[in-house]
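For ligands, and for the atoms within them, numbers begin at 1 and follow the listed sequence. These values consider heavy atoms only, across backbone and side chains, with no hydrogens, waters or symmetry-generated copies.
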Amino acid sequence: MEITDKVERINQQYLKSAGGSVSASLKSFLKKEPVSDWLIQALFTGPWLELGCGQRSLFEEGDDLTFGLQKKEDLYGFDLSDVAIERAKAHGRLHYQQVDISEGIPGGPYSFILDGHFLHCLGSFPELFTTLGHILRALKPGGIYAGEVMTIHKNISFDSDLYYDYDTHILYQGDIPIRTLLSAREWEDLFISAGFEISYFVCQASIKMIPTNHRREPMNGDPECLRFVLKRKL
Ligand SMILES: C[S@@+](CC[C@H](N)C(=O)[O-])C[C@H]1O[C@@H](n2cnc3c(N)ncnc32)[C@H](O)[C@@H]1O
C-alpha cells in the first residue's frame, strides 16, 4: 500500500473521531514496577520519544508518567497522520512531528522510546524488521524501548470483515492490510533477531486488544496483549 494512501486512510479515521484519549492499559503498564523503576533510571540520560503518539501522547498524562520530566525539549511524539499531529500540537507540552517511522527516526539518541500501539500497525513482516532496526539505532546504549503489541493465540477469531493470512502474518480489512499480528514466540524471535536484549516479556492473556475501531467491547477471540521492555545493549 502506498504511504500516501495509508496517511489518507488514517487521517480519515482521525477526522471521524473527536479528542484523543490515551491507552489505560499502556499507562498502567508504565506505572508498575519494574518498568517504572527502569524509567526513573532513564530520566536524565537523554530525551524520551513516543512512536505512534496519535492525537495525544501518553507523556501528556501528567508528571506521574514522565516522572518529573516537564521540559518540552525532553519529550517528543511522532506519528504518520498530519491530522493527529496538528491536534496533538494543541496540547503543547511535547515536540510533535509528522514522521513515517518505517523510513527512519529523526533526532535522538533517546534514552526511552515508548511504543504507543504503533508496531502492529505496520503493513508487513519485513517492514517490522526494518523499523525495529531504526528503533534500535535511535536508542542510546542501555536505552529502553517498551510497549504493548497484539498477539495471536490458539483461540483467536476475527470479525467477519477481517481476514488474517497465516503465511504473511497480515490482517486485512477488505484488501487493505491493517495490522501485522504475530504469536508471542514470533515476536520474541523478531525482537532478538533485530538485536534487542529482552528485559520484560509478558503475555497478558486477560487483556484483549481490538484490532479495529468499529467495536468498543473486547471479545474472547480478540488478539491478546503482549507487554515488552527491550534494551539496546551497552
Ligand atoms: C493504534 S494507533 C494508537 C494511537 C495512540 N497512541 C493511542 O494509543 O490512541 C497507532 C498509531 O500509529 C500511527 N502509525 C501507523 N503507522 C505509522 C508509521 N509508519 N509511522 C508513524 N506512525 C504510524 C498511526 O497514525 C496511529 O496514530
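Those atoms of ligand 1 with a heavy atom of V99 less than 4.0 angstrom away are 20 (N), 21 (C). Interface of E50 with ligand 1, defined as ligand atoms under 4.0 Å from a residue heavy atom, comprises 6 (N). Atoms of ligand 1 found under 4.0 Å from any heavy atom of I10, numbered from 1 in the order shown, are 24 (C), 25 (O). Against a heavy-atom cut-off of under 4.0 Å, I101 is close to the following atoms of ligand 1: 18 (C), 19 (N), 20 (N), 21 (C), 22 (N). Residue contact check: Y14 has heavy atoms under 4.0 Å from atoms 4 (C), 26 (C), 27 (O) of ligand 1.
Atom CE of M209 sits about 9.5 Å away from atom CG of L226, to the nearest 0.5 Å. To the nearest 0.5 Å, atoms CG (L94) and NZ (K89) are separated by 12.0 Å. The line from OG1 of T151 to CZ of R227 is 12.5 Å long, rounded to the nearest 0.5 Å.
The protein atom (non-hydrogen) at minimum distance from atom 6 (N) of ligand 1 is G52 O, 2.7 Å. Summary of contacts: the protein heavy atom closest to atom 9 (O) of ligand 1 is S21 O, 3.8 Å. In terms of protein heavy-atom proximity, atom 3 (C) of ligand 1 is nearest to G116 O, 3.3 Å.
Residue contact check for ligand 1: K6 places a non-hydrogen atom closer than 4.0 Å to it. Judged by the shortest distance from any of its heavy atoms, H120 lies outside the 4.0 Å radius around the atoms of ligand 1.
Aromatic rings from W48 and F59 are positioned such that their centres are separated by under 6.0 Å.
Side-chain N or O atoms of T180 include none that pairs as donor or acceptor with a backbone N or O of F125 at under 3.5 Å. Looking only at distances, a side-chain donor or acceptor of R232 sits under 3.5 Å from a matching main-chain atom of L139.
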Q: Check the pair R56, E61 against side-chain contact (heavy atoms from CB on, under 4.5 Å), reporting the backbone distance first and the verdict last.
A: CA-CA 9 Å; R56 182 176 164 80; E61 282 295 284; 3.1 Å; yes
Q. E148 and S25: side chain to side chain donor-acceptor pair (under 3.5 Å), yes or no, with the steps?
A. CA-CA 9 Å; E148 295 180 333; S25 157; 2.6 Å; yes
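Polar contact check, F78 against ligand 1: no nitrogen or oxygen pair lies under 3.5 Å apart. Considering backbone and side-chain atoms alike, D100 places an N or O below 3.5 Å from some N or O of ligand 1. Residue C121 has no nitrogen or oxygen atom sitting less than 3.5 Å from a nitrogen or oxygen atom of ligand 1, judged on distance alone. Ligand 1 has no N or O atom lying under 3.5 Å from any N or O atom of R179, backbone or side chain. Annotation: F118 places no N or O atom under 3.5 Å from an N or O atom of ligand 1; distance criterion only.
Hydrophobic cluster membership is shared by F201 and L132, with clusters built from Ile, Leu, Val, Met, Phe, Trp and Tyr side chains linked at under 4.5 angstrom. L58 and W38 fall within the same hydrophobic cluster, defined by Ile, Leu, Val, Met, Phe, Trp and Tyr side-chain heavy atoms under 4.5 Å apart, directly or through other members.
With distances taken over non-hydrogen atoms, the option nearest atom 25 (O) of ligand 1 out of L80, D79, L51 is D79. Proximity annotation for atom 10 (C) of ligand 1: of Q13, H117, E103, H117 comes nearest, heavy atoms only.
Neither the backbone nor the side chain of R56 has a heavy atom within less than 4.0 Å of ligand 1.
Aromatic ring pairs are classed by plane angle as parallel below 30°, tilted from 30° to 60° and perpendicular above 60°; the pair F78 and Y76 is perpendicular.
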